[in-house]
Amino acid sequence: MIHFPGLEHLPALPVIIPLIAAPFTIVMRPGRTPWLWATLVSWVTFACTLLLLEVVWHGGPTEYKMGGWAAPLGITYYIDLANALVMMLVAAMAAVVFPYAYFSVKSEIARAQSPAFYTAMIICLTGLLGVAATGDAFNVFVFLEISSLSTYALVAMGARRDRRALTAAFNYLVMGTIGATFYVIGLGLLYQATGTLNMLDLHERLAGQDNKVVEAGFAFIVTGIGLKLAMVPLHLWLPNAYGFAPSAVTAFLAATATKVQIYLMVRFIYTVFGFEFPFLEVALNAFLILGIVGMFYASFVAVFRDNVKQMLAYSSVAQIGYMLLGISFGTVDGLTASFVHIFNHALIKAALFMGVGCVVLRIGSSQLTAFRGLARRMPWTTWALVLSGLSLIGVPPTVGFISKFKLMEAAFQTTTLIPPLLVVLLIGASSLLAAVYVGRLIYTMVLEQPPENAPAIKEAPHAMRVALWIMVIANIYFFFFTDLTVGVATQAAEALMCSQAGCGGAY
Amino acid sequence: MPELLNPGVIFTLGAFVTLFLAAGLRRYFMLAVIAFSATVTWQMDLGNYGNLQLFGETLTVTRYDVLSRLFVVVFHIAAALNVIYGWHIKDRVENFSALAYPGAAMGGVLAGDWLTLFVWWEMAAITSVFLVLGPRSRSTYMAAMRYLAIQIASGVLLLAGIVLVYRESGSLMFEALALRNEAGDLNFGPLLVFIAFGIKSAFPLLHNWVQDSYPKASITGTIMLSVFTTKLAVYALARGFAGTGELIWLGAFMTLFPIFFALIENDLKKVLCYSINNQVGFMVVGIGVGTATAVNGAVGYAFGNIIFESLLFMSLGAAIYRTGTSKATELGGIYRTMPLTMTLCVVGALSISAFPGTLGFVTKGLIIDGVAEEHLMLIWLILLFASAGVLEHAGIKIPFFTFFAHDSGKRPKEAPPQMLIAMGIGAVLCIGIGLYPDPLYALLPYQDQIAGYHPYTSYHLIEQFQLLLFAVLAFVVLQKTGWYPAEVPSVNLDFDWLYRVPGRAFLGWVITSVAAIWHLVWDNLVRFMEAVARGLHHTHGPEGALSRTWPIGFMALFTAIVLGIMLIVTFLI
Amino acid sequence: MMGHLILRVTIKILFAPIILFALYVQFHGDYGPGGGFQAGVIFAVAFILHVLGFGLEETKKVLPPKVLPWLMAMGVLFYAGTGLLTLFLGGNYLDYDVIQPTSHHHAGQHIGILLVEFGVGLAVASTMLTIFYHFAGRVPEISDEDW
Amino acid sequence: MADQHKDHGSDPGWADKPWFVRLFSWGLYLACALAAAAGFFWKKDHPHFEAEGFPVFFAIYGFIMFFLIVVVGQHLRKLVGRKENYYEERE
């Protein structure tokens, strides 16, 4: 008797669908087919995550037992608003970037490799969704590696355009592996202390344990995830990896990979550990300082970069600083601001990197000089870049403003090492730096003359432009309609923080 | 959607369209945009429009009331005059700014809530920086960066203030704020907003960006800059801080110190920039007094000042356009060949000095009356003193040194027709409103008060004539005795010296020492890493490849350090 | 040719037992130590040994590289497909019990895990071989003389 | 700008001619006298300050203050005056 799986499987579907779709992709004929297939898969997955978000939003957290084994023995997927939002975000980015990828991939990657490329993309999507979905700490590691390994391959595929992609991928591989190893070591220590791997169960069994094993486990896990999310000073793998990867990969990764890691960090800090542990305060203070250092250090580097991809990559490092800052406040508002920024920054960076991808496609370079006089040569791309650049600075009416506003609002209510007002001013000052490097880009594009005897070029293909502008419009749309971002983020943050006060479960 | 269509939005959209138009077409289009915006404004009734819902708060994009109306009207006039004056300009960036920047200023004036104000506030900063950047040389670039930094600083302070104000009051509406609470202590949020406004209106010691950046812009750029930024700030002060006592003294001081600097300044553009400070000072005093008369005077004077200040800038600009210099030492004697420009300049000079029969006379009197009514003797004397000062630097120095004084030998052509037309319109407004002020008075916010006010009373006339004529007499006496200081080519230090010289040196010192420390640490680190790597290399690895691996080693080292710190700290706590 | 004779004979003798051992590990994984991961590697080792003795080209005739992606895909599909099967049979993902719901000995669990392990073994073996083929077949970018 | 030529003082314009200077001076003196005299005939109805009652207050104040500005102001130059390229040298 065949049952058609219904809504009860919804938590697992976003992971299962791309997982099953991936092997089909590898055996497809190179060219258009794998792309169409990947696009279809990303859309179906996106639909599932949307449905899931809807269910969780109105019906509360849901749970899915893998193989029918109950927690803490079996692996369970727990979806609350926080993961649902992150999953939706990841799938949404895939649903926009995959259609966009075709022309970009066609020009940047050997035709014979295209099935492998889309397979890796889908597997990466699987991994990222898996990390977000699962409620089992070891399962997190597995999915972390699934996404990371495919990412290394994807970054290395940039080698056709620039051989340095190989070095970048190798650096990334070494660092990513160290990060994952640290994570697993930390997890091993926690397992030794508690005998469980289920996050909820870990939280319960960790309560009251205050010994060296748990402390060391905590340190390893925070460092490991910190490396994966490119927390300053563990960020050095990121600029090269993003800078040399194929454009579509950069757009997808910049919008999703570090965001999922941030989510994971939040999950560990607030769900698995909690304020009972005195070292949590220390970690939060560390985030505060590293976040601020990152905001400035990376922005300064970005100001002086001449490669736009790398400039934006460093800007990503700086933006991660904002997210860490939000986490470090240890308040509902701070966490909300972080989640909002995760969402908004994904929109911003996806749009920016997609715009840069269009330029790379047509001009063949992401050096700043290639952008000279772009306004006249590729107006659609230019204005998309301008708008999303303004969003990065935080100019209304774009989502970047909502992020900054929320973060400043949260900063005002906190009592941290650094006086709130100073934090607010620092946020403002680093926005100023963003204004400088984005201003440089805009100035080059809009006000400078195109180079003499520059060959006439066409606008980017329709598929890319449409995808790009969808992101740009999303950047503006979510300024006016903040139910999804601020609304969900607030509830998610409340749910996460509530577990501290002991109201309801950890989820 | 038409709800959202206010002059600010129309100008901004128009500005973006100009970017795509051919150079010849742009100027007609710009005039059309201004005309269209004026028509829209004309048909708008007073009230609030364009209410948006944003995270549970209502934003009011357009608040068209008696106070904002006056500024919108005069900004339209100024924008139109500027387009006519700069009819020959084909520079895309400048054309863009010529719409975007007034648009931002008007958007700010019409903003009904703090958030909208903030948006336009920053827009005004960003769109105007292109004007400073105009001639594109290294010194203008540096000045533009200084300008931008200061303007954005104002925006950041404003945003911080807004957040605080919002937390306290729970409302985003842009209403009057109390700088002090009942106990007389400063309220922090409003203070930040106050400073933000203060930077834009060039409060004393925060004023230097005006002299620093404005003269660097192109001729038309300077004219525009002189109109919008500071007047937007004046409006914001009038809206937010009318009747705040601190403003009276700040304003009085603002009217005073530029007089002396203007006297010895050789660059006539800078003289006019000091004049802006001085003029805004009068308005700030009026706002600080806060009575119906004084506020009427302040905003009325803002209206007048925009007209005659830009008339002065325009005539000076015409002279610069023809001779290529703005130095008093290099100008002079050109009245022979530029009689029309000279005449129009004199009209502006008479007007700014508030000679009876001019726009200055019918508006400035209100401020001084406002002060007198409150029996603020000292302030009253300061304002009279400052009026003599205005006469000195704007009323006499500008026309005298530009067109008369010693003969520079230059015989430039008369100003081009478009400039003469723009200046002519300005001059007609100066005299016309001066003789028949009722239309302007009808625009002032406190109608009850203005209804009983008549500028042309015998006493007012006598008092003004005595003050001005005897001041001119003093000038003549000084000139004849040779006591009047000759113009010498020089640059005068002002407060900006602090950040341009010792500040810069300090910054340089910090950078070099940080760099030195960094190199020290870095070199040692690299040496250490190399030693480690060489050690490993002896036992493992093939030849070479050291330079390739060390970045990874470096990252790994950092990872180890972070882990170590985390471990130590968690263990110790 | 003669120099490799002993090696080749040895490899020919060992080839079948290695694969047999791989299968043992594969099916032993059900209850004891072992399973698809290890079995897959051992399985691949047999072919790797073959390459070492007979050269890449010979082995490619035995097991063409074209087949490998298909094997990889099939392996993953066996694993994921089993999960999907249980989904369609009304259980949770990978809930093997529904394969034989009436069994008292959890026969469903046995069948399910065997299927999954087979998929894992297939995928691992083919992946190992793909990687090895790529490494072994890589033409050096810098020829030996240029070093 | 094309027709500018350096010939100092060779061409006194109308404003530099002695008759104009004389006319302007005497006109100014006359106007000053009239304004001062008028102060004695028209008084403000409700003066806010005592000084306003004094008939030639504004005349004296204006004259002295202007004098003061110029005399004091030129000493400021010694304090803050620098060469024209002062800042450029430092940048």
Side-chain angles (χ1 to χ4, degrees), chain A residues 1-30 34 37 62-71 74-77 112-116 118-120 122-123 126 130 133-134 139 142 146 149-150 153 156 159 163 166, chain C residues 37 64-103 106 108-113 115-120 122-124 126-131 133-135 137-138 141-142:
Chain A
M1 185 168 57
I2 289 181
H3 296 263
F4 278 95
L7 279 183
E8 72 272 19
H9 298 293
L10 205 52
L13 281 184
V15 186
I16 295 170
I17 291 170
L19 180 68
I20 293 177
F24 288 110
T25 328
I26 189 88
V27 294
M28 282 176 180
R29 186 187 295 278
W37 172 247
T62 109
E63 186 187 5
Y64 186 80
K65 298 183 189 69
M66 276 292 155
W69 298 91
I75 293 170
T76 48
Y77 281 15
Q113 275 192 326
S114 62
Y118 289 107
T119 311
I122 295 177
I123 292 177
T126 316
T134 186
N139 207 226
V142 172
I146 288 179
L149 287 170
S150 51
R163 299 287 290 173
L166 294 175
Chain C
F37 279 97
K66 252 189 194 170
V67 183
L68 292 176
W70 291 90
L71 291 181
M72 269 195 267
M74 269 171 64
V76 179
L77 277 180
F78 256 101
Y79 168 79
T82 311
L84 211 58
L85 177 73
T86 60
L87 216 60
F88 282 112
L89 288 175
N92 269 2
Y93 193 72
L94 291 178
D95 186 355
Y96 311 128
D97 273 333
V98 292
I99 299 175
Q100 283 272 334
T102 51
S103 165
H106 298 290
Q109 293 285 350
H110 289 282
I111 299 168
I113 199 74
L115 283 172
V116 165
E117 288 291 354
F118 176 69
V120 171
L122 199 58
V124 169
S126 51
T127 311
M128 286 303 293
L129 276 174
T130 313
I131 294 174
Y133 275 177
H134 273 97
F135 274 128
R138 187 167 167 271
E141 278 170 42
I142 308 171

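Within 6.0 Å of OH in C/Tyr79 there are 12 or fewer heavy atoms belonging to other residues, nucleotides or ligands.
In this structure, A/Trp69 CH2 and C/Leu94 CG are separated by 12.0 Å, a value rounded to the nearest 0.5 Å. The line from CG of C/Leu71 to CD1 of A/Ile26 is 12.0 Å long, rounded to the nearest 0.5 Å.
Considering all non-hydrogen atoms of both residues, C/Ala80 and A/Ile20 come closest at CB-CG1, 3.4 Å. Considering all non-hydrogen atoms of both residues, C/Ala73 and A/Pro23 come closest at CB-O, 3.2 Å. Heavy-atom minimum distance, A/Leu19 versus C/Val76: O-CG1, 4.3 Å. Shortest non-hydrogen contact noted between A/Tyr64 and C/Tyr93 is OH-N, 2.6 Å.
Only the side chain of A/Ile16 comes within contact range of chain C, with heavy atoms under 4.5 Å apart.
Between C/Asn92 and A/His9, some side-chain heavy-atom pair lies under the 4.5 Å cut-off. Within the 4.5 Å cutoff, side-chain heavy atoms of A/Phe24 are placed close to those of C/Leu77.
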